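Presented below is the structure to which this report refers.
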Amino acid sequence: MTTVLENTTAKQAVPALELRDVMHTDCCVVGGGPAGAMLALLLARQGIPVTLLEEHRDFDRAFRGDTLHPSVLEILDELGLAERLHALPHTEMHTMTAQTEDGPTVFADFRRLHTRYPYIMLIPQVTFLQFITAEAARYPTFRLVMGARVEDLIEEAGCVRGVRYRRADGRHEVRARLTVGADGRFSRVRRLAGFTPEATSAPMDVLWFRLPRRPGDSMEGIGRLGRGAILAMLPREDHWQLGYVIRKGRYTDLKAAGIEALRDAIVALLPAWADRVDALQDWRDVSLLSVESNRLPQWYRRGLLLIGDAAHTMSPVGGVGINYAIQDAVVTANLLSGPLQTRRLHLRDLAAVQAQREGPTRRIQAIQSKLGDAMLDHALRSPTFRIPAPVRFLLRLPGIRTIPARVVGYGFGAAHIATLQPLSPVGGRVK
């Protein structure tokens, strides 16, 4: 008996095991997040045939990271896209402040960075991904397939030659010289390849939710620490996005206590917001993000490369994950465009990507681990959180505040677009 899968779009029953088509391309990128979308755009600009597979039917996901740091804004400027991106609705965050029992302390001031973009741009990730893929679609070698769930890697003689994926209309196959896994922290490509990441910091959970903005509210990012809790506050045009950090495993007990318990915890940190927490009606207004920082010992094998969260999942400390993922994509395009164009892609070329990006990743993860562990141990165990007086004094010095701003804004070894001649845009394909 043949199993059938209902095609909810075309309203036809198709045999689940039927292979609908086989497509050939130079690079198959799995995952339409920031790393995958940017890599596809950069390859398409060089005339390299690239297929981008995204599992979901659209890019709209609740509470995805949406901070673009100066490093990425400079990359977009190099591509000639920064001005058009800034024309879209967004907010700009010029400082990061820690609010404790001792009052506010600015710990990162981006205004002193020597850049055209001395701030963090906050723009919904759905808007950013639509912008990048629309730009990629102007090039004839680009193809985007939505609703494509990768199920298998195609392997021949120990080399990955592409993927098999399922859509509503059945199974498809993409054969490629290079397959790039950019499918995030829960990467299916990573699992299918048999790669196992190594943890780099203690896991935590973050509850993401929104509360209303009021006239006169700050437009700067704030971290509220105290009363055994950590609350990250990010400004949006018409609301605040908040991340309430809890210890791993505490979510079940907190949820069992009811949404009122979460409201009370917020009011304990922000008494002046007591008239806003009623916006949290029930737990459907809250999204749980399970956070674990890890890194693969090796990001590649023959025919396969992993980048972004698929290769190194970041902690939320500093919000650098998207920016490191995009820089991975830039370095990948810089190093692999030539070998893909000449069809002489070797294992050493894939190793070169990891060699260039692993050091910056290790350094930022080490900083995240030390800061994250310190905050978890101190803020979540103590009824009060105080920044030591010598640290508060140093952070009053503008030059000192520039140091964390540079680390958050650029990371280490910031990537830039190689001086390659792009192809003239004509028009790609989107399915």
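Since we're looking at a predicted model, the values are computed, not measured.
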Checklist entry - Leu304 and Val189: side chain to side chain contact (heavy atoms under 4.5 Å, CB included), yes or no, with the steps? => result CA-CA 9 Å; Leu304 176 67; Val189 172; 3.8 Å; yes

Checklist entry - After noting the C-alpha distance and the side-chain angles of Val320 and Gln368, does the key distance pass the side chain to side chain contact (heavy atoms under 4.5 Å, CB included) rule? => result CA-CA 10 Å; Val320 300; Gln368 287 183 318; 3.5 Å; yes

Checklist entry - After noting the C-alpha distance and the side-chain angles of Leu280 and Leu211, does the key distance pass the side chain to side chain contact (heavy atoms under 4.5 Å, CB included) rule? => result CA-CA 8 Å; Leu280 292 176; Leu211 289 180; 4.1 Å; yes

Checklist entry - When you look at Leu269 and Tyr244, which way does the side chain to side chain contact (heavy atoms under 4.5 Å, CB included) test go after all the steps? => result CA-CA 11 Å; Leu269 282 169; Tyr244 186 71; 4.2 Å; yes

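Two residues are said to be in side-chain contact when any heavy atoms from C-beta on lie closer than 4.5 Å; Arg161 and Cys159 meet this criterion. Between Arg210 and Asp285 the shortest side-chain heavy-atom distance does not fall below 4.5 Å. At least one side-chain heavy atom of Leu254 sits less than 4.5 Å from a side-chain heavy atom of Trp283. Annotation: side chain of Ile48 is in contact with side chain of Ser337 (closest heavy-atom distance under 4.5 Å). Counting only heavy atoms from C-beta outward, the side chains of Glu198 and Arg295 never approach each other to under 4.5 Å. Within the 4.5 Å cutoff, no side-chain heavy atoms of Tyr139 are placed close to those of Leu43. Side-chain atoms of Arg20 and Arg167, non-hydrogen and from C-beta on, never get closer than 4.5 Å to each other. Asp26 places none of its side-chain heavy atoms less than 4.5 Å from the side chain of Thr141.
In the displayed structure, His114 atom NE2 is contacted under 6.0 Å by at most 12 heavy atoms of other residues, nucleotides or ligands.
Between the side chain of Thr200 and the main chain of Ser293, a donor-acceptor pair closer than 3.5 Å is present. Looking at His69, its side chain does come within 3.5 Å of a backbone N or O of Gly319 through a donor-acceptor pair. Side-chain atoms of Thr95 do not come within 3.5 Å of backbone N or O of Asp109 as any donor-acceptor pair. No side-chain donor-acceptor contact under 3.5 Å links Arg213 to the backbone of Asp238. Under the 3.5 Å distance criterion, the side-chain polar atoms of Glu173 are left unmatched by any main-chain donor or acceptor of Ile154. Distance alone, capped at 3.5 Å, places no donor-acceptor pair between the Glu155 side chain and the Ala193 backbone. In this structure, the side chain of Arg177 does not engage the main chain of Arg344 through any donor-acceptor pair within 3.5 Å. A distance-only check finds a donor-acceptor pair linking the side chain of Gln365 to the backbone of Asn294 [under 3.5 Å]. A donor-acceptor pair under 3.5 Å links the side-chain atoms of Arg224 to the main chain of Gln99, judged by distance alone. Asn334 places a side-chain N or O within 3.5 Å of a backbone atom of His416 that can act as its donor or acceptor partner.
Using a 4.0 Å cut-off between charged side-chain N and carboxylate O, Asp183 and Arg188 make no salt bridge.
Each ring pair (Phe, Tyr, Trp, His ring centres under 6.0 Å) pair with one or both residues in residues 310-333, not counting sequence neighbours, appears once here: Trp299-His312. Sorted by first and then second residue, the salt bridge (charged side-chain N to carboxylate O under 4.0 Å, His left out) pairs involving residues 112-127 (not counting sequence neighbours) are Asp77-Arg116. Pairs of residues two or more places apart, or lying in two chains, that qualify as salt bridge (charged side-chain N to carboxylate O under 4.0 Å, His left out) and include a residue from residues 303-323 are Arg185-Asp309. Within the structure, every pair that satisfies the salt bridge (charged side-chain N to carboxylate O under 4.0 Å, His left out) test and touches residues 80-93, not counting sequence neighbours, is listed here: Arg84-Glu135.
Residue Leu39 holds its CG atom at 11.5 Å from CD1 of Ile326, rounded to the nearest 0.5 Å. Asp21 contributes atom CG, which lies 8.0 Å from atom CG of Asp169 (distance to the nearest 0.5 angstrom). Rounding to the nearest 0.5 Å gives a distance of 13.0 Å between CG of Leu335 and CZ of Arg348. Atom CD1 of residue Ile307 and atom OG1 of residue Thr332 lie 4.5 Å apart, to the nearest 0.5 angstrom. How far CZ of Phe110 is from CZ of Arg406: 11.5 Å, rounded to the nearest 0.5 Å. Atom CG of Leu306 sits about 12.0 Å away from atom OH of Tyr300, to the nearest 0.5 Å.
Across all their heavy atoms, Asp60 and Asp58 have their closest contact at N-OD1, 3.0 Å. Between Leu129 and Gly32, the shortest heavy-atom distance links the atoms CD1-O, 3.4 Å. Ala310 and Arg190 make their closest contact through O-NH1, 3.1 Å (heavy atoms, listed as atom of the first residue, atom of the second, distance). Taking both residues in full, the closest heavy atoms of Leu42 and Leu79 are given as CD2-CD2, 3.7 Å, listed atom of the first, atom of the second, then distance. Summarising the geometry of Arg164 relative to Leu153, their closest heavy-atom pair is NH1-O, 4.1 Å, with the distance given to 0.1 Å. In plain terms, the two heavy atoms of Thr51 and Leu53 that are nearest each other are CG2-CD2, 3.7 Å.
If you look at Tyr165 and His172, their ring centroids are closer than 6.0 Å.
Considering Leu68, Leu73, Val408 in turn, Val408 is the only one that fulfils the side-chain contact (heavy atoms from CB on, under 4.5 Å) rule with Ile120.
A search for ring pair (Phe, Tyr, Trp, His ring centres under 6.0 Å) contacts involving Tyr410 returns nothing, not counting sequence neighbours. For Phe195, the ring pair (Phe, Tyr, Trp, His ring centres under 6.0 Å) criterion is met by no residue, not counting sequence neighbours.
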